[in-house]
Peer 1: 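One structure follows; several queries about it will come next.
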Amino acid sequence: MISQKEISNKEVIEEVYSHIEENKHLNAFITLNKEPSLKKSEELDNNPSDLPLAGIPIAQKDLFCTKDLRTTCGSRILNNFIPPYSATVIENLENAGCISIGKTNMDEFAMGSSNETSFFGNVENPWGENLVPGGSSGGSAAAVSAGIVPAASATDTGGSIRQPASLCGITGLKPTYGRISRWGMIAFASSLDQAGPMARTAEDCALLLNQMCSHDEKDTTSLNDDIPNFEENLNQPLKNKKIGIVKDLDLSSLDNEVVKVYQDSLKEFEALGANLIDISLPNLSLSVPTYYVVAPAECSSNLSRFDGVKFGRRSEDPKDLEELYIKSRSEGFGDEVKRRILIGSYVLSAGYYDAYYKKAQQVRRLIKNDFDKAFSNIDVIMTPTTRGPAFEMGSKGSDPIQMYLEDLFTISANLAGLPAISIPNGNVDNKPTGIQIIGNFLDESSILNFAHMFQTSTNWHMYTPEGVKE
Amino acid sequence: MDKKTVTTISYLSRLSIDNEKEKKIVQDLDNIIEFVDQLNDADTSNVEPLTNPLEKTAKTRTDQVTAKNLKKELLEIAPSSNDDYFLVPRVVE
């Protein structure tokens, strides 16, 4: 429409901001970038560009540093932080022509599965009042789901892209660990964190991924492997391709309707020509406990940088340096973040290190070995993305483990560093559900291919909450 | 996990715990540790720990200055600073 001059770039951006205003109740954004975005769109109208994503409005998760634009990570301790530089992935998207229209709400430091831990308040799922959007990338998922933006950036440490994508009825992709530079991403658990795109379709995710990936010397874990054109493989026929179905997966704790929707999707893939193969991932059930040792350990170390000295919020009138550290951190972090720092300090402390941290890293290898073995004979693995559709705010009670189990199906891909996508695959009680497709190391192309072929033969990705304008 | 352990790890973490929340935090941490104790079910004898999915040694790059000096910008966003330093309460009398 833009290239046909039916609508100007500036009109598109103005429309985005009026959608944000109409959807204020969702609380999807923490900070808007209105004036610079309008200016950029005017420049594009005056000097049309042939950049691949020229003029595409994108919502950026508030975990990425954005130059001269407040970056809070959903935390009180960063509520005044204006970075002097942008994350590599933000630069990549903006260099491809994207317009960063604002920063999206999220669980504090990406620690949560319901967007209920943000200092800036809960995000509401566009599919229903009082429903959580999932987390931690809840604001990004809600913004795409509500039709405010066609694309959003997000991050995934244990499911933070795929679980909210599933709960909001959109597509979300976590690439292979190392595909996208982590430079300028505020670190939570460095061996698990990975950025990725959220959009309505797998095809749009492929377009975004093409621009987000790059080798970056500033991130020592950034991969220097060839980056394929992720659009190229989308339309490959699925005939005789092999889908691994995890026979050790206990689906009994799932909502019956969710299991039915999942099985219907598998039948759809069979109709597309793919074969289902039973595989075994015997250590899968240990992925959540492994994660809840590894992630808090890395978080306690990463979050030690927030001390009230160099940037962020400082407590008022500390009597000495020690009190400055303790009060700034205690006032600045919320309960879930504190809980994870404490667990991390415990499992890393002398006397417990071998029993917990080393043990978890050993189990992490067993989980990775299980995947390596399974992938010798299959193309992708499928599971439901979550145990059920979006739940009510506050409904998980005060026991943190109930919330941790929300990521039961997604965590293992982070532990093994594998790419995985969630796509909408049905509807339960007028709430969307998702199916997860996990790929082999560096094989984003296959999961995008399976996802795209599913989306050419089904319409679940086009279902939107009531009142959403397309 | 008991009150004394929580006091020690909160000091190590430079966090103070509100009195009214202390009981709940001790209970939560105790439940989480009990939950992760399932890891003992796995036989990990002779299994090397996996610290990072890439398992490649961190790459090094040529020792060249590539970033520009952001001293002024960085000191400006600090809670308290002068022209050259971050400022904190006096440490040495």
Side-chain angles (χ1 to χ4, degrees), chain A residues 81-82 84-85 177-178 191 217 220-221 223-224 283 286 289-290 292-293 300 304 307-314 318-321 324-327 329-330 333 335 338-339 341-347 349 356 358-366 368 398-401 404 415-418, chain B residues 1 5-6 8-18 21 24-25 27-29 31-45 47-62 66-67 70 72-81 86-91:
Chain A
F81 175 52
I82 298 176
Y85 68 99
Y177 180 79
S191 80
E217 285 209 329
T220 57
T221 59
L223 287 163
N224 200 5
N283 295 291
L286 293 175
T290 302
Y292 278 96
V293 174
S300 73
S304 63
D307 57 3
V309 173
K310 299 178 289 296
F311 56 93
R313 186 181 177 280
R314 175 184 288 194
K319 70 175 192 303
D320 55 28
L321 186 60
L324 184 158
Y325 294 147
I326 293 176
K327 278 180 77 180
R329 288 166 64 78
S330 303
F333 294 139
D335 288 346
K338 285 180 188 161
R339 199 151 40 221
I341 293 174
L342 292 171
I343 288 290
S345 299
Y346 180 75
V347 299
S349 59
Y356 290 103
K358 188 178 166 204
K359 180 81 184 178
Q361 289 189 319
Q362 288 172 312
V363 178
R364 186 175 183 182
R365 178 171 305 276
L366 295 178
K368 182 174 184 291
S398 61
D399 176 8
I401 293 167
Y404 296 172
L415 291 170
L418 301 172
Chain B
M1 187 70 68
T5 315
V6 173
T8 311
I9 58 173
S10 37
Y11 177 70
L12 289 174
S13 312
R14 297 298 186 273
L15 289 171
S16 65
I17 308 288
D18 299 344
K21 287 187 179 170
K24 163 97 171 84
I25 287 188
Q27 187 60 53
D28 283 347
L29 298 187
N31 290 346
I32 294 168
I33 291 300
E34 196 186 312
F35 174 72
V36 302
D37 273 338
Q38 294 175 58
L39 293 174
N40 292 322
D41 297 346
D43 178 4
T44 52
S45 38
V47 178
E48 278 296 305
L50 177 68
T51 53
N52 175 307
L54 296 178
E55 289 199 88
K56 291 176 180 169
T57 322
K59 291 184 286 285
T60 53
R61 55 189 156 97
T62 328
T66 51
L70 292 176
K72 186 170 164 281
E73 290 89 333
L74 292 173
L75 285 170
E76 260 172 18
I77 59 170
S80 175
S81 61
F86 298 113
L87 299 181
V88 295
R90 181 179 289 277
V91 178

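All of these numbers come straight from a predicted model, not from anything done at the bench. Letters A, B, ... are given to chains in the order of the sequence lines, protein chains preceding strands, and every chain is numbered from 1.
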Peer 1: Where on B:I25 is there a heavy atom nearer than 4.5 Å to chain A: the side chain, the backbone, both, or neither?
Peer 2: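 Looking at B:I25, just its side chain touches chain A.
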Peer 1: Need one label for A:L418: side chain, backbone, both or neither, based on atoms under 4.5 Å from any heavy atom in chain B.
Peer 2: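 Nothing of A:L418, per the 4.5 Å heavy-atom cut-off to chain B.
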Peer 1: So does B:E55 pair up with A:R365, basic N to acidic O under 4.0 Å?
Peer 2: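 Yes.
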Peer 1: Give a yes or no answer on whether the side chain of A:Q362 reaches the backbone of B:V47 with a donor-acceptor pair at less than 3.5 Å.
Peer 2: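 Yes, the answer is positive, given that a donor and an acceptor are paired below the 3.5 Å cut-off.
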Peer 1: List the atom of A:S398, the atom of B:K24, and the distance in Å for their closest heavy-atom pair.
Peer 2: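 Taking every non-hydrogen atom into account, O-NZ, 2.8 Å.
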Peer 1: With heavy-atom distances below 4.5 Å as the criterion, would you say the side chains of B:T5 and A:Y346 are in contact?
Peer 2: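 Yes, their side chains come closer than 4.5 Å.
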Peer 1: So does B:E34 have more than 12 non-hydrogen atoms from other groups sitting under 6.0 Å from CD?
Peer 2: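 Not buried by this count: 12 neighbours or fewer within 6.0 Å.
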Peer 1: Where do A:K359 and B:T44 land on the side chain to side chain donor-acceptor pair (under 3.5 Å) test, with the steps shown first?
Peer 2: CA-CA 7 Å; A:K359 180 81 184 178; B:T44 52; 2.9 Å; yes
Peer 1: Looking only at heavy atoms, what is the nearest atom pair of B:S10 and A:L342, with distance?
Peer 2: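 Result for this residue pair: CA-CD2, 3.5 Å.
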Peer 1: For the side chain of A:K310 and the backbone of B:L75, is there at least one donor-acceptor N/O pair under 3.5 Å apart?
Peer 2: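 Side chain of A:K310 to backbone of B:L75: no pair is present.
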Peer 1: Are A:Y356 and B:D37 close enough that some pair of their side-chain heavy atoms sits under 4.5 Å apart?
Peer 2: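 Counting from C-beta outward, A:Y356 and B:D37 do come under 4.5 Å.
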Peer 1: Does A:R329 reach the main-chain N or O of B:S13 with its side chain, forming a donor-acceptor pair under 3.5 Å?
Peer 2: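 Yes; judged by distance alone, with no hydrogens or angles, the pair exists.
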